[in-house]
Amino acid sequence: MNLLAIDTATECCSAALWVDGMLYQRSAVKPRLHAELILPFIDELLTQAHIKKSKIDGIIVGQGPGAFTGVRIGVGVVQGLALALNIKVVAVSNLKTLAYRAYNKLSTCERKTIVVATDARMNEVYSVRYSIKGSVISLLSKEKVSNASEVDLTGCDAYIGSGFHVYPELIEHKKKHPMIFETNTYSQAKDMLLMVKDDFIRLKTEVEKIEPVYLREP
Amino acid sequence: MIVLGIETSCDETGIAIYDTDNGLIADQLYSQIELHAQYGGVFPEIASRDHIKKTVPLIKQACIDANISLNDLDGIAYTAGPGLIGALLVGSSVGCSLAWALDLPSIEVHHMEGHLLAPLLDEDKPEFPFVCLLVSGGHSLLVDVKGLGDYTILGDTLDDAAGEAFDKTAKLLGLGYPGGKILSDLATKGDKNRFKFPRPMMNRPGLDFSFSGLKTAVRVTYLKEIEKDNYDESRDKEKLINDIAASFQEAIVDTLVKKCQRAIKQTSYKTLVIAGGVSANTELRIQLKELETKLRIKSYFPALKYCTDNGAMIAFAGALRLLKEKSQSNKIKAYPRWSLEDLEETLV
């Protein structure tokens, strides 16, 4: 199954393609240029993998939370692609993608609690807690937007996200608890792809059913 | 040639399909007016959030209405600007990627060119060259239209657009939303000669407009009237509002008509086209019809449903452009500010 993943929800614009067990990926941190970059990225990946766009069997997209316009560019592009190619899609959380990445960095098979906090601007973070074991990722708290001081950091094994890079309360925590962390990072389409690919058939849905996740009121 | 048009530049999601052989074969429109009513104006983020929900279902419905599949299309046209950046990006993301995935040309359409060409959707249509008065909530332009893509702006507003002046004045009179339409409805019941509001920029040569001073004049007049000793709100308010509405509308219409007259004289053209949301205004239509007789010219208005934003005009403008040029782009574009005059180059 050939799968495409794209993510334009953060400052990083990324695309990844899975063809015959090979992963191709492209990303760039270029805020405000995602609309112009994303289709050329996909073009490049298709060329590298030597397949035509009509051979894409499904698409994965980062549905947020993130920059409102960025999230909509990703969802809009996937709407266009899925309609044209008549294929199904899976929308994934940008926060969950980071949790998955952090867990993989831990290189363990044990259950771990991961806290994700990304910078939501306006003195707030998007945050969530996950419990992960192997490929099973369970939500411990709902995704929320809040002040950085309201992020529940108790008993976490690892934390990830730009929030730990930006907000003093979270940076402080990082200093006190030198656990495995990765703060100066963005969600990536390749992680979305790796996280979803084996489950795509079970998770796939009609493109009209996917919606951006904003968390914050307009 | 069959073209899908996508319009999401403001608060209307418009999807239409135009066939150069059979005309308009689908025309879907979803208006967000109710969503924005509580804010008294278009709330950009709410507009964008709604566009992303409506675009795909409307595209599917349009294909059903036209009895075609996406594979029957020859091009995808989308409004690339001007407009609200977040709202524009919904249409351009969906439109451009749809075109890319179908290996079709994508056509970036200028929203105002869409309006300007809308009267050509009619059977009785104007021929080039003509003077076009483009009046909407965001624009007040007089344009010398020599041909498709060959536009020279003769006059522009220095501040508020005509439709904006209607909306803002309605708001200060407490008339609700969308105020422009309510105000012009009330104007039909009022005395347009009771108050003499200014006709800005009329004493100067040139074809520019300025409408922002009008709402101040309305406010001053309104306050002066309700502070009079013999003013009785329950008895006088309705008539006062109606008379102000009629006098205000007369000031705007009179200004627009006189500037059209000047533009016709300046260009020596025999055809006048009026487009944009304000072109639905009945009084404007009546007075321009009188001008038509007086100057022995021919005037054209779009059908009422094509006065406001719609997908039909975008599909149509896209089809006309596709006949002349074929471009295949994989870059999703949106231009919040974009002058009609910049279009010239694309067709040279």
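Letters A, B, ... mirror the listed sequences (proteins, then strands); counts begin at 1. Here the structure is a predicted model, which means the values were calculated and not measured.
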Inset, instruction - Give, for atom CD1 of Ile6(A) and atom OG of Ser97(B), the distance between the pair rounded to the nearest 0.5 Å. - result: 8.0 Å

Legend entry - Point-to-point distance, once rounded to the nearest 0.5 Å, from CD1 of Ile73(A) to OG of Ser93(B): 5.0 Å

Inset, instruction - Grab the two heavy atoms, one from Arg72(A) and one from Val90(B), that are nearest each other, plus how far apart they are. - result: CD-CG2, 3.9 Å

Legend entry - Region of Pro40(A) in contact with chain B, defined by heavy-atom distances below 4.5 Å: both

Inset, instruction - Flag yes if more than 12 heavy atoms outside Lys144(A) fall under 6.0 Å of its NZ atom; otherwise flag no. - result: yes

Inset, instruction - Would you please name every residue forming a salt bridge (Lys or Arg N to Asp or Glu O under 4.0 Å) with Asp43(A), sequence neighbours left out? - result: none

Legend entry - Flag if over 12 foreign heavy atoms under 6.0 Å of NZ, Lys171(B): no

Inset, instruction - To the nearest 0.5 Å, tell me how far Glu44(A) CD sits from Asn330(B) CG. - result: 9.5 Å

Inset, instruction - For Asp21(B), look at atom CG and say whether over 12 heavy atoms of other residues, nucleotides or ligands are found less than 6.0 Å away. - result: yes

Legend entry - More than 12 heavy atoms from other groups under 6.0 Å of CG on Asn104(A): yes

Legend entry - Partner chain B: residue of Thr69(A), Leu85(A), Leu83(A) with the largest heavy-atom pair count (under 4.5 Å): Leu83(A)

Legend entry - Lys53(A) (side chain) donor-acceptor with Trp100(B) (main chain) under 3.5 angstrom: yes

Inset, instruction - Please look at Leu70(B) and chain A and tell me whether the side chain, the backbone, both or neither of the residue comes under 4.5 angstrom of a heavy atom of that chain. - result: side chain

Legend entry - Heavy-atom side-chain proximity of Ser48(B) to Phe68(A) below 4.5 angstrom: no

Inset, instruction - Give a yes or no on this: more than 12 heavy atoms of other residues, nucleotides or ligands lie within 6.0 Å of atom CD1 of Ile201(A). - result: no

Legend entry - Lys181(B) atom NZ: more than 12 heavy-atom contacts under 6.0 Å: no

Inset, instruction - Can you measure from CG (Leu81(A)) to CG (Leu102(B)) and round to the nearest 0.5 angstrom? - result: 9.5 Å

Legend entry - Part of Leu46(A) within contact of chain B (heavy atom distance under 4.5 Å): side chain

Inset, instruction - Apply the side chain to side chain contact (heavy atoms under 4.5 Å, CB included) test between Gln79(A) and each candidate in Ile59(B), Leu98(B), Ile52(B); give the one that qualifies. - result: Ile52(B)

Inset, instruction - Working to the nearest 0.5 Å, report the span between NZ of Lys60(B) and CD of Glu206(A). - result: 5.5 Å

Legend entry - Contacting moiety of Ile38(A), where chain B heavy atoms sit under 4.5 Å: side chain

Legend entry - Under 4.5 Å from a heavy atom of chain B, the part of Glu211(A) involved: side chain

